[in-house]
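What follows is a set of notes on a single structure, which appears directly below.
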Amino acid sequence: MRVSRLMLVTLRDDPAEAEIPSHRLLLRAGYIRRVASGVYAYLPLLWRVLQKVSRIVREEMDGAGALETLLPQLQPAELWQRSGRWSGYTAGEGIMFHLSDRQGRELGLGPTHEEVITALAADLLRSYRQLPVNLYQIQSKFRDEIRPRFGLMRGREFIMKDAYSFHADEASLKETYAAMDQAYRRIFSRCGLRAVAVDADSGAIGGSASQEFMVTAEAGEDLILTSADGRYAANQERAVSLPNEPIALPGGARCGGAGEVVATPGQSSIEDLAAAHGFAPSQLVKVLLLLARFEDGLRQPVLVSLRGDQTLNDVKLANAVTARLGAEHGALLGIDPLNAEQIRQERLDLDLSTLPLGFLGPDLDDRLLGAESRRTDATSPDLRRSAGPGQAGVATATLKRSFLRLVDPTAADLDAFICGGNGVDQHRVGVTWAGLGPTAAADQVLDLRSAQPGDRCLHDPGQRLEASRGIEVGHIFQLGRKYSQALEARFTNESGVDEALWMGCYGIGVSRLAQAAVEQHHDGNGICWPVSIAPFELIVVIANAQDSEQVTLAEQLYSMLQAAGIDVLLDDRSERAGVKFKDADLIGIPWRLVVGRGAATGEVELVERASRDTRVLAASDVLTTVQPLLAAGRLGLTN
RNA sequence: CGGGAUGUAGCGCAGCUUGGUAGCGCACUUCGUUCGGGACGAAGGGGCCGCAGGUUCGAAUCCUGUCAUCCCGACCA
């Protein structure tokens, strides 16, 4: 390809809308253009990158025995209703774009394809003899993200490879899961990316085991925690650790464990209490009041007790609440600190001012939530409005009149502690769980705290967790039978008995991966693509297009390299040399061959983009020099 | 959704306070000179000043509304 024919439009100034380096560079170098918030056109250069990434993905998926397909993006609501994900994905902060067709049928644009594929599997897979099967596709996905950002990093339309496997038993699922794990490691390494596999939360997809693949980069949206010995790596959403030892409360239990009441005027935060009374944060139990919103209208107040020096992990909390109530009340739509705005919006019959916020204890009385009396009016206009259009049949919000009490072990394990006095401006010192009496009894004691960098590792307390940031480019799940049961995807096993299929699913954000590569491989002058996914492997630059000797030699080399199967670009523009060098650096072609002053004597210059290493060689030696270099680069990371 | 900011030529910006009919740099076109790290000179082309109302003799500028985009947040009572 000739640069003169490439529709190359590079920008000298950074576009104001771009924050992180990869986003800026993709815009400046003419790889993408924004069409709407979170929606981008992939220009010819980027399309070549995406195709190269896709090819690597295909080779590895095919090599692992998977079958390529292409599934519809437009999907009937009915399919999603059957899996139980329709309202979770469309109501509230749901991320599915959805619409009604001319017949009034509801449809959604696929954010993922579990439903469609499982329905197909139900249709096609009948016998254990057909199993296992692993189907994949590479295509656009649609997610109405709360906040699209960073270009392709979090777009609303993006390219994804997703694969779904079906099995006769769990052992077979684990086998394919392991094969995908290996395939993924090869894919990222072949793309030239440094990636780490981390334990992950399964989130809305559901299922048991899951692992994310993170490209390490400063601009990553995820915090990952790893041990120095490499034996533990997890997303902070999921990470576990040993908390620090608490500082024992001087004096221990007081007043038989009921605690001694202390006036704490206006001191409603851990910091205030510590400053005013010299308490250590680890001597306190903080009590957080949240409200969980369920699909069927249940509004469940949740009281979480956590040691004062610890931080609540939202994801763990949401999982715990879903585990306890999801089966009965449907999808968890959200869980947020209880606030007046929400109460007003949903017309909940609750007076926040009766609650001593900031001074709560684990034994807060259920009666403060009021009695089961007036119910929310089903035809309340506010509720209907907040539910949004096309949401016929939205459940009425109903407040549960008792707390769901959850306690983190860091709090449960304290012998004696300080906590809120359940009255404004008072706390209690020297409280024990036994002393609080039956009201404080937790519905569940379970891990709800966020592991922090510096925490001791579970597998080896001698090691401490280290933090780094990562961009999630892949995620593999063992789904189990969640979808197959919901959608009745069943097969006949060896003994003639019908049972639900075991499933796994495996995603790679192809367009995100391309940007992650830029994030990991760039410098002050532009992008430094790994050879294996670069839009072109080598660029021949004619330093002076007015010099016919240079042009002739460059054209010869260009033809020869092309004939040798190299993805080569020829910069034949009548620009000055400096402009062409700048552009070559910016768009990030890994190797540059300059035909310039030495052309008369048959000498050219070969420059490696990333390192700037330069060597002068005879034009006749170009092919033999370049071929092994490119061959090595095409393998991706070599170690 | 809450908070903050911004919409003026393809990109980056000025002009707005104090209303008088739009400007700078880059990019683009033509010509000349130049030619190995974003050249120089000359001459050009391109803008319902986001959109809709209002005030005014007159609005990019003032007022109201609206739309869009970006940033921070959805975190502790």
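Within every chain, numbering begins at 1; the chains are lettered A, B, ... in the order of the sequence lines, protein sequences first and strands thereafter.
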Ring centroids only, cut at 6.0 angstrom: are A:W529 and A:F536 within range, meaning strictly under it?
no

Any pair counted as side chain to side chain donor-acceptor pair (under 3.5 Å), so long as it reaches residues 35-44 of chain A, sequence neighbours left out
A:H23-A:Y40

Would you please name every residue forming a ring-ring contact (aromatic ring centres under 6.0 Å, His included) with A:F97, sequence neighbours left out?
none

Gap in Å between the two P atoms, one belonging to B:rU21 and one to B:rU61, rounded
14 Å

Under 4.0 Å: is that the gap between some side-chain N or O of A:R147 and OP1 or OP2 of B:rC70?
no

Contact letters for nucleotides 26-36 of chain B, in which S counts primed atoms plus P, OP1 and OP2 and B counts the base, heavy atoms under 4.0 Å:
SS------BBB

Are A:D547 and A:R597 close enough for a salt bridge, meaning some N to O gap below 4.0 Å?
no

Side chain of A:A16 only, heavy atoms from C-beta on: which candidate in B:rC71, B:rG12, B:rC76 is closest?
B:rG12

Taken in chain and number order and not counting sequence neighbours, the residues that satisfy ring-ring contact (aromatic ring centres under 6.0 Å, His included) with A:W591 are none

Which pairs, with at least one residue in residues 280-290 of chain A and sequence neighbours excluded, count as a salt bridge (Lys or Arg N to Asp or Glu O under 4.0 Å)?
none

Given B:rG37, B:rA39, B:rU69, identify the nucleotide with an atom nearest to the side chain of A:R34.
B:rU69

Quick one, which residues of residues 268-288 of chain A touch RNA chain B with a heavy atom under 4.0 Å?
A:S268, A:V287, A:L288

Is there a donor and acceptor pair, one atom on the side chain of A:R149 and one on the base of B:rG73, closer than 3.5 Å?
no

